[in-house]
Student: 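Got a structure for you, questions after.
In each ligand, atom 1 is the first atom listed, and ligand 1 is the first ligand listed.
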Amino acid sequence: MEGGRDVNQETALQLMDYGRVLMKRVAGGEKTDDPTWVKAYLDLLNPNRPAAPPTEPLQVIFTLVNVQGQTVAPAYLRPVPLDLSAEQGASDWVLMPADRPTATAADRTTLYRSFAQEGGKAGQDFTRFFYLMRKYASTLPNDYGEPGVSLFEQWKIVAALVVISGDLAWPPEKLGLVGGDIPGIQRTINLVTSKGAAKAMRGRSAFIQLLGHALVERLLDELGLGSANVVYDAGGNFVLLTNWDGTLKQRVRDVANQVNRVLLVGTGEGQERFDGFHGDLAVALDTVELPLDALRADLPPVTLPNGDQASRWQLAEKKVKDAVAAAKARPFGDLALESEQGWHDLFDLEPAETDDFCAVCRRQRRRDEKFVPLDPDAPVDVAIRSNLQCPECAGFGELARSLGHRGARLLLSDEPPEKLSAWQRGLHAVTGRWYRIGEADEKGAVTLALNLAGFPAPGVDGFRLLARTTPMTGRTITPNEVLADASRGGLKRLGVLRMDVDNLGNLLVHGLPQRTPMQTAELSQALEWFFAGWLGRICDRVDEGRGLFYVLFAGGDDLFVIGPWDRMPELAWAIREEFRCYTADHAMIHLSAGIAVVGEKAPMVTAVEQSHEALEDAKKLNRNTPREKNAITFLGRSYHWKEFGQVQAMQQGLVRLVKEQDLPGALLTTLLAIERRYRRDWEHDAKAQDAERKRGAWGAYTTSDGRSVQVYYGPWMWRQAYALARLKDSYRDARQGLEQLEAALLDGRIADLGLAARWAQWLTRKER
Ligand SMILES: [Zn+2]
């Protein structure tokens, strides 16, 4: 049973009954009593619980965040099933924050009826019931009185504690945490050359996500726990709640060693052999004891010796994270120490170099191995002579392709699939289960929908969100060349977008001073719904359903998307706008983005590195000031979002001048020259000590909207005025557009020309 392995059916039924009682009371509006055993468990969360059921809606967790006194007004969730649909008659996602009257007025009984109809009322299958609760109770408030925590998380933590104790009558007296992390994602993705292209990267990142799932499943099996014991699991970074005894550390260490051996040296024989990652990927696990009062929602934070405040949960969580970080620093250390074989595995030499290697991962072929031809859609790259790929890379490509199909499901089975891929062999070695990506009507021993709409449905046990927006042409993945070719205008390039939440660690550490495991779970879930769920809808909207975006990875708090270069700023902007709404416009919760523009044949490694550097640059903007980060880097220039919007408007004005009013494209070249001159002189003057040698000077200027700003005047001003005046005479229809441009430049925005004119130039380049 996936939901609760070591719980007997009698206990499972009691837990389901408790879930029904909660739903009936909070959603159905009926008067119900808790089963008598529950009191002792709820006392662990909050002994001073409110007497009446909650009438307030569930407060959005982001609106509880308080960083250095920066807060927002509370916002709330409507009582709806977890879903990616839009509110009736609006384009708003139903999970977007609502004001209090809207969320309060919404009827909870509709939600209750759906829950009951889908089997919430009479169903006996604990796994399915677990996901029904997740689906229908995640937007309802709890009734033990903790802000920002859903009814689902309340039921989940009680279920987790029951699973730990194994006996309803006796809540656990000792608790432990297992922390886990899969490092090296970046590195593994980087092992892909141009011939593997996007598909190879996608396959690897999907594998790593599935490996995270497999590792959690393995630990739950090993420790006799259920899904309720997963406090959170965000992009390969997870925490499990378990009991604490003298054997826990060793048991968890044994799992880490077994899994790391598989990742280091591989497993299986022949064509479906999983060859491992040769030291480039390892998991890190460790454990700490969790004091019982770390669950308490009603205790004030602890004041630390340095004056900082932290909750009891935060202290324990930090301890387990530190332990995991230490384990990460010596990924194969434990393995080597474990046995003679460990040392052997670690220092086993790679086979001698031959001309014969995999075009994707560049691994040498062993004498007994059969490599398969590359896909016909792999880009031609003269630098790489091989046209063969290893079975493992072929398998990763297959995984990427099957994820791209609509309605795909994750199937877990005890029987091996007919045609076995290397990645399946690898995951089997980790969990003892066979993983498969199935079509919409296929079933496994456990069948999980990979999106929110796929559950509840007949034959589906639950769901697990996996971002899998894939550009498909029939049943194959659209190659990078075709994506690049879909760029509007003459310049055909691939855009690579990376985004992540700024200062997430800081938000978690300092933003919620009374943070409990329940609030932590809520925060992690909220981010997951956005990055692994809503992101797909944003992609569909921005490319108008034309399938131009390829999400190579999204989860936790970051994302990685490729597509036609000209669409990427639009996509980044839309994601940022949606995220801003989703987090109720909290000034301290924001994203940064980096966009790289590369040729469609550029090695993926280069694209990855450039987008990574662009994101780093965005994060360096106004570093160590209150305005740091919250920015985007595009074509080598970094801007805060609001200013980026202005630059984009300037770019659009320039494009109009060139395209609609037939101004010569040379205008853009002239503007770029002016900006270059401005930048050079400004930099020169900033260094020049001697006032005599300065080329320009600051002066006051009254802007179009009446503000007085300091503008840096210099020779470029004359060049600019001259260039624009001449155009105004020759192109009378364009007069208005040119005057707007002139006003913007006089308003001190010459520097924006660098990006705006370059961007416009690329967009208006003629098709060759
Ligand atoms: Zn390979």
Side-chain angles (χ1 to χ4, degrees), residues 182 184-211 260-282 345 348-404 419-430 435 437 476-477 479-480 550 552-553 601-609:
I182 304 182
I185 292 186
Q186 175 83 28
R187 210 157 155 218
T188 308
I189 290 173
N190 282 356
L191 285 174
V192 178
T193 64
S194 63
K195 286 207 177 181
K199 194 193 320 181
M201 268 181 65
R202 175 60 184 135
R204 278 170 167 73
S205 79
F207 173 79
I208 291 166
Q209 284 179 298
L210 293 177
L211 176 66
N260 280 335
R261 167 158 297 141
V262 172
L263 294 176
L264 182 63
V265 299
T267 178
E269 298 299 327
Q271 279 312 98
E272 78 256 16
R273 175 179 156 76
F274 172 71
D275 206 58
F277 290 88
H278 307 267
D280 285 313
L281 184 70
D345 294 342
D348 197 11
L349 292 170
E350 295 275 310
E353 295 241 334
T354 66
D355 277 346
D356 202 0
F357 57 86
C358 168
V360 179
C361 69
R362 294 196 183 225
R363 181 169 70 74
Q364 299 286 322
R365 191 177 68 83
R366 277 186 302 269
R367 224 167 302 152
D368 55 340
E369 259 183 318
K370 201 172 148 249
F371 277 14
V372 293
L374 263 183
D375 309 292
D377 63 346
V380 186
D381 184 338
V382 284
I384 300 168
R385 292 180 310 276
S386 168
N387 270 310
L388 294 174
Q389 58 180 334
C390 69
E392 191 170 78
C393 287
F396 285 137
E398 196 48 52
L399 173 58
R401 186 159 38 235
S402 48
L403 280 171
K419 193 175 160 286
L420 208 59
S421 271
W423 67 269
Q424 292 170 311
R425 174 69 72 188
L427 293 182
H428 181 261
V430 171
Y435 279 64
I437 306 300
T476 57
I477 298 173
N480 287 0
Y550 196 0
L552 296 184
F553 172 81
K601 290 193 179 98
M604 224 44 215
V605 185
T606 314
V608 171
E609 274 168 9

Student: Flag the pair L403 / Q209 as yes when at least one side-chain heavy-atom distance between them is below 4.5 Å, and no otherwise.
Tutor: no

Student: For A394, which residues count as a side-chain contact (heavy atoms from CB on, under 4.5 Å) partner, sequence neighbours excluded?
Tutor: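 For A394 the side-chain contact (heavy atoms from CB on, under 4.5 Å) partners, ignoring immediate neighbours, are V372, Q389.
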
Student: Kindly indicate whether the side chain of L211, heavy atoms from C-beta on, has any atom under 4.5 Å from the side chain of W423.
Tutor: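 No. Closest side-chain heavy atoms not under 4.5 Å.
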
Student: Residues in salt bridge (charged side-chain N to carboxylate O under 4.0 Å, His left out) with E369, at least two apart?
Tutor: R363, R366

Student: What protein N/O/S atoms are there under 2.8 Å from the Zn ion (ligand 1), waters excluded?
Tutor: C358 SG, C361 SG, C390 SG, C393 SG

Student: Distance check, rounded to the nearest 0.5 Å: I477 atom CD1 versus Y550 atom OH?
Tutor: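 Separation between the atoms: 3.5 Å.
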
Student: Only counting residues at least two apart or in another chain, list the ones meeting side-chain contact (heavy atoms from CB on, under 4.5 Å) with E392.
Tutor: F274, D275, C390, F396, A422

